[in-house]
There are 2 protein chains.
Amino acid sequence: MLHISRSLTKLLGELKKLPSVGDKTALRLAFHLLKSPENLSALAKSLLEVRDGVRFCSTCFGITESDPCHLCTTPRDDASICVVEEPQDILAMERSQAFKGRYHVLHGALSPLNGVTPGQLRIAELLQRLENGSVKEVLLATNFTVEGEATALYLTRLIKPLSIKVTRLAHGIPIGSDLEYVDAATVQRAVEGRSEL
Amino acid sequence: MLHISRSLTKLLGELKKLPSVGDKTALRLAFHLLKSPENLSALAKSLLEVRDGVRFCSTCFGITESDPCHLCTTPRDDASICVVEEPQDILAMERSQAFKGRYHVLHGALSPLNGVTPGQLRIAELLQRLENGSVKEVLLATNFTVEGEATALYLTRLIKPLSIKVTRLAHGIPIGSDLEYVDAATVQRAVEGRSEL
């Protein structure tokens with residue numbers, strides 16, 4: 001990049017580390033911010049506030065500013081725990097308003113090829129939460145990828161012997177789908193999981 | 001957005017002010033940054049460095065850290081000035097390596113409907129640079145939009161009476177184009193501007 005200031009070049013480098021931001025997007029973002037210094041300052045300030053204020057909840061390992069977090073302290077159903085891979089997955093679950101229990105974030109999924117073993121996930125902490133016997137159901141909401149499915153299988157084998165019900169989110173046709181375009185494996189699962197009307 | 005920390009909500013708000021960043025992209029960017037606190041700090045730091053270090057050159061009004069800027073001080077052809085709308089347009093010109101003169105950034109284009117009048121652009125400063133008579137050619141490289149064309153026309157009427165040659169970037173078929181898909185107006189300009197081989 002020719003004839004750009006040193007600090008701008010550095011900013012472009014930092015912006016390009018963001019997901020799906022390349023050379024052109026980084027330039028557009030940087031020049032947009034240059035045009036409105038007050039937005040630039042506000043963005044820098046809120047980044048620092050997030051860095052200093054946001055931590056992981058010591059119970060569920062979701063993100064929070066106060067430990068334990070809101071979801072761990074408000075009255076909810078203590079008998080069920082929903083296990084997710086990442087903190088943002090909690091948002092997807094909460095948007096559905098279908099789950100009223102507690103959460104547990106693993107911070108990843110098992111992936112031996114990428115060197116992610118059970119010890120690197122928050123699995124020991126999950127088992128510890130199940131020890132006192134108050135939890136009756138664990139809903140596995142890891143992603144429906146190879147890694148997510150492997151993690152769900154691994155957790156099932158660990159938790160079932162504790163006489164706790166282990167459930168998994170249903171597979172099926174997404175709302176609003178055209179059956180014609182749904183992949184065969186999903187249709188197969190939807191047939192297997194069909195319900196009586 | 002439910003159950004997100006206050007500072008994270010604020011960061012999402014700031015990210016959404018960026019061009020082509022909506023709810024989902026802002027969430028993805030924010031959680032990406034949360035996962036790597038060192039990137040988050042580096043981004044905040046370089047934003048502040050850009051805010052404090054980058055200013056506009058008092059001669060050409062491009063961005064720079066030292067005033068006057070690199071492009072205004074290195075040996076280049078003083079007889080020609082290329083007029084562009086925004087600082088980033090200088091980069092596009094420099095990438096082409098086709099122009100060896102000086103630059104002048106207007107910081108916008110005439111747009112009476114949006115309240116942008118000649119007084120808000122760096123037009124007076126451009127005319128001042130033309131006063132000493134050393135400039136022989138002004139290359140108008142404003143965008144090929146209604147506003148950019150109007151600005152080019154306006155500047156032509158101001159500069160031509162000073163006995164300075166006023167030129168405009170050529171219209172034509174972009175390199176690598178399929179003639180079949182080029183719009184009619186562009187083909188028309190390409191025919192009008194055809195060159196002998």
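Keep in mind that the numbers below use all heavy atoms, side chains included, and drop hydrogens, waters and symmetry copies. Note that the coordinates shown come from a computational prediction; the quantities given were computed from them, not determined experimentally.
When all heavy atoms of Leu48(A) and Ala44(B) are compared, the pair lying nearest together is CD2-CB, 3.6 Å. Residues Leu8(B) and Glu65(A) share a closest heavy-atom pair of N-OE2, 4.4 Å. Nearest heavy atoms, Glu14(B) versus Asn39(A): OE1-O, 3.8 Å.
With rounding to the nearest 0.5 Å, the separation of OG in Ser66(A) from CZ in Arg6(B) is 11.5 Å. Atom OG in Ser20(A) sits 6.5 Å away from atom CG in Leu29(B) (nearest 0.5 Å). Taken to the nearest 0.5 Å, the CG atom of Asp52(B) stands 8.0 Å off from the OG atom of Ser41(A).
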Stepwise side chain to side chain contact (heavy atoms under 4.5 Å, CB included) test for Asp89(B) and Phe31(A): CA-CA 11 Å; Asp89(B) 296 333; Phe31(A) 278 104; over 6 Å; no

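Between Glu86(A) and Lys35(B) there is a salt bridge, since at least one side-chain N of the basic residue sits less than 4.0 Å from a carboxylate O of the acidic one.
Residue-environment remark: CZ (Arg189(A)) stays at or below the threshold of 12 foreign heavy atoms within 6.0 Å.
Linking Ile, Leu, Val, Met, Phe, Trp and Tyr whenever their side-chain heavy atoms come within less than 4.5 Å puts Leu126(A) and Leu140(A) in one cluster. If you chain together hydrophobic residues whose side chains sit under 4.5 Å apart, Leu106(A) and Leu127(A) fall into the same group. By the criterion of side-chain heavy atoms lying less than 4.5 angstrom apart, applied directly or through intervening Ile, Leu, Val, Met, Phe, Trp or Tyr residues, Val84(B) is not grouped with Leu130(B); the two fall into different hydrophobic clusters. When the side chains of ILVMFWY residues are joined at heavy-atom separations under 4.5 Å, either directly or via intervening members, Leu155(B) and Ile164(B) end up in a single hydrophobic cluster. Linking Ile, Leu, Val, Met, Phe, Trp and Tyr whenever their side-chain heavy atoms come within less than 4.5 Å puts Val116(B) and Leu158(B) in one cluster.
In terms of heavy-atom pairs under 4.5 angstrom with chain B, the leader among Val54(A), Leu15(A), Leu40(A) is Leu40(A). Counting heavy-atom pairs closer than 4.5 Å to chain A, the top-ranked of the candidates Leu43(B), Leu34(B), Ile90(B) is Leu43(B). Ranking Lys10(B), His107(B), Arg51(B), Gln88(B) against chain A, the residue ahead of the rest is Gln88(B), based on heavy-atom pairs under 4.5 Å. With chain A as the partner, the residue from Gly62(B), Ser36(B), Ala42(B), Gly53(B) showing the most heavy-atom pairs under 4.5 Å is Ala42(B).
Formation of a donor-acceptor pair under 3.5 Å by the His32(B) side chain with backbone atoms of Lys17(A) is found in this model.
Only the side chain of Leu33(A) comes within less than 4.5 Å of a heavy atom of chain B; its backbone N, CA, C and O stay farther away.
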